[in-house]
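Remember, it's 1-based here, ligands and their atoms both numbered in the order they're listed.
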Amino acid sequence: MIEYDGSQNLIILSNNEISYVIYINNFGYLETLYFGKKLSNYNGILKSKELSDNGPTYFDLKKRKEQRFEDGFKIDASCLELSSHGFMDKRYSPIILETENGSFENEFLYVSHRIYSGLPKFHNSFSHAYGEKSDTVEILLKDSKERIYVKLFLSILDDKNILIKNLEIINKTKKEIKLHRAMSMQLDLPSNDYYLTYFPGRWSFERQISENLIHPGTQEISSNFGRSSHDYNPFVYLRKKDANNEYGEVIGLNLIYSGNFKLNIESGFYLDTKITYGINDEDFCWILNPKETFKTPQAVISYSYSGVDKMSQTFHDFIRQNLITYKKQGEYKSILFNSWEGCYFDFNTDLILSYIDKAKEIGSELFVLDDGWFSNRDNDYSGLGDWFVNKKKIDLHKAINHCKDLGMKFGLWFEPEMISYNSNLFKSHPSYCLGDIKSKKLYLGRHQFHLDFSNPNVIDYIFMQMCKILDEYEIDYIKWDYNRIVGEHFSSFYPKEQQGEIYHRLVLGYYSLLERLTNKYPDIMIEGCASGGGRFDLGTLYYCPQIWGSDESDPVQRLFINYNTSLGYPLSTIGTHVNDNKFMSYKNKASLALFGTYGYEMNPHKLNSQEIDDINDIANLYKKYHKEVIEEGDMYHLISPNDTNYFCAQCVSKNKSKSLVILVNKLKELDEFRYIKLKGLDSKSLYKNNYDNNVYTGEYYMNIGLNLSKEWLFEFECKLIVLEKI
Ligand code: GLA
């Protein structure tokens, strides 16, 4: 619900659990007064904002008089929705623009607001949130000098503690303006006693966890790789010093965007916290012509006063119910077998047919032919950009028919945004490459160039090529890969004045191709991938209901990656496969993969009959429980592998009737007392478990805990426990 309280000039956003209060001050600035647990009334709240009156004053040039800001407002210290830039407030501002006279000053002041139900309309081909159970306030602000306007959008969901923020900049002057920074939001908090948790990583080691106290100065979590990157994920959270998994205030943040992002956290002399989040302004300069607008991506805030897990669960539900657009979202997902780690580029039709047979034997329902099926692609030096079947290598019709005869679906790998120097496309259209092809060199990443996806002709061309394949062959699934970063970001398609737009235009190009393909082939499921998890973000999830979590599919390393990823993203989105790794048994590996999308990626001919049986046991559990418990259920992070000897996670179906629990110990465990206390069950109901085969109440499991003390646990032993309400 959103109300306007005219007597106090307040805009109040609330749902059953939280409130967010903005005060429109006498000067036209929007002050953020409150963000937290729901308040029953807002009387006297204006008192909370009054600061000492030793702040900057100004000289009114018309009245020839020094003026003081009134009502306790301190322009360089108050908590604001949108700071000015180039005046006395030296804190970070989400917007920097240059007007025709070369001025960098901007100060956006209140004009009007509009409250409506639902979320704001977004233009097509740009990932964004949806959902009717929500309200939005759209606040119009005008620059104090120029006819430049900003619309500040702020939405609250009724059924989740989620706020969504973004800005739109509108040029009503008669001259172009230059946006040097156009971020999505600002969130000012009146204290800095928070820990910041974020997820740095690298290839095959994505989303490790890092935590530090907010400290005076500036901290930045960002990407300038042209994608959200392996290096820093756009998901972060702030946790009050005394908060933990179950208790206390936690504020999660993410951005619905797949390109360069920047989260700036500033804490200054006043010991407050100022968060600014949006598109990275490095090399960014967007020319905004008269009458044009620039819409920034949406930033999403998940608020919890009941610890980290509640913040995570809120994000999970938001992603599944308000973000992913795939038409079959929430339906049963077929068990996937991917050819890559089994045979890499080295296959022929017979081998693939034999893989399909074996895949079927271990319960697969979807066979995916990964890289190497097209052009002259027998290694990673060639072929990208030439999307035609290499008929000498693979009879694709035969492979697909074989799948269909066995009742299986079929999927193919693509890397649409890339071009090999050894390709027909590079010979015929060198200018389709990103970077200056007239210069002496172009950098390569995995031996390939980046296509210029800011150029609509390139998108048309790739779209056409992909359609030819998708029209001729019956394809149910696409793995959309992206194996290099953006280096040179010069586009020969745009004039020199617009080169500062290219990074963002590449993202728009990525979304526009996804939009066209998902519109034309709505049944095809697209799984995102970028050398593993280099583009694991909300922008991608809007189109792709799952993303390959990491090229590290060894279960031990994956345990950390999946655990950390699931703090911000639901397990149903984390592409997870059982591979050939010998460190763990297939039973254990498959049990772990259940806590992800579940699939296989191995040489299936190496499996013995016992292993096939073990895998099938788990595949049957997947078929029985995945949709209700993992795909749709609530997840609890019971024990973190980051700082203990165990990894323990639990998922519970929304109706609390079924639950899966996984416990893994890292080192050999000799503890005498070992109980796991479960969560999310119905305390009065009786549940049978398959560990000691006893029946206990939910209350027992949650308070006394399931006793696992009877046995030693050896290195990386895995216990998968199933609970069913009786
Ligand atoms: C990337 C992906 C892998 C695989 C290869 C194919 O590395 O992450 O899963 O698809 O490309 O070249």
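- Considering both main-chain and side-chain atoms, Trp340 never comes within under 3.5 Å of ligand 1 through any nitrogen or oxygen pair.
- In this structure, Lys666 places its NZ atom where more than 12 heavy-atom neighbours from other residues, nucleotides or ligands lie under 6.0 Å away.
- Among the atoms of Gly532, some N or O lies under 3.5 angstrom from an N or O of ligand 1.
- Residue Glu341 places no heavy atom under 4.0 Å from ligand 1.
- Here's the thing with Trp413: one of its N/O atoms is less than 3.5 angstrom from an N/O atom of ligand 1.
- Atom 7 (O) of ligand 1 has as its closest protein heavy atom Asp551 OD2, 2.9 Å.
- Under the 6.0 Å cut-off for aromatic ring centres, Trp340 and Phe345 qualify, their centroids lying closer than that.
- Given atom 1 (C) of ligand 1, the protein heavy atom at minimum distance is Asp481 OD2, 3.0 Å.
- Remark: the backbone N or O of His230 is not paired with any side-chain donor or acceptor of Glu206 at under 3.5 angstrom.
- No side-chain heavy atom of His402 sits less than 4.5 Å from a side-chain heavy atom of Phe367.
- Using 4.0 Å as the threshold, Arg446 has a heavy atom nearer than that to some atom of ligand 1.
- In terms of protein heavy-atom proximity, atom 10 (O) of ligand 1 is nearest to Asp370 OD1, 2.7 Å.
- With hydrogens and angles ignored, the 3.5 Å screen pairs a side-chain donor or acceptor of Arg320 with a backbone N or O of Glu631.
- Under a 3.5 Å cut-off, the side chain of Tyr510 and the backbone N or O of Glu417 do not form any donor-acceptor pair.
- Note on Lys409 versus Glu365: no salt bridge recorded, every NZ/NE/NH1/NH2 to OD/OE distance being 4.0 Å or above.
- Distances below 4.0 Å separate heavy atoms of Lys479 from the following atoms of ligand 1: 3 (C), 4 (C), 9 (O), 10 (O).
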What verdict does the side chain to side chain contact (heavy atoms under 4.5 Å, CB included) test give for Leu412 and Phe374, after you've listed the backbone C-alpha separation in whole Å, the side-chain angles of each residue and the deciding distance to 0.1 Å?
CA-CA 10 Å; Leu412 268 188; Phe374 55 94; over 6 Å; no

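- Near Asp371, with a cut-off below 4.0 Å to any heavy atom, the atoms of ligand 1 are 6 (C), 12 (O).
- Numbered from 1 in the order shown, with element, the atoms of ligand 1 that lie under 4.0 Å from a heavy atom of Trp548 read 8 (O), 9 (O).
- In terms of modelled atom types and a separation under 3.5 Å, the side chain of Lys358 and the main chain of Leu607 share no donor-acceptor contact.
- Close contacts of ligand 1 with Cys529, meaning ligand atoms under 4.0 Å from a residue heavy atom, involve 2 (C), 8 (O).
- Under a 4.0 Å criterion applied to the non-hydrogen atoms of Asn483, ligand 1 contributes the atoms 1 (C), 7 (O), 11 (O).
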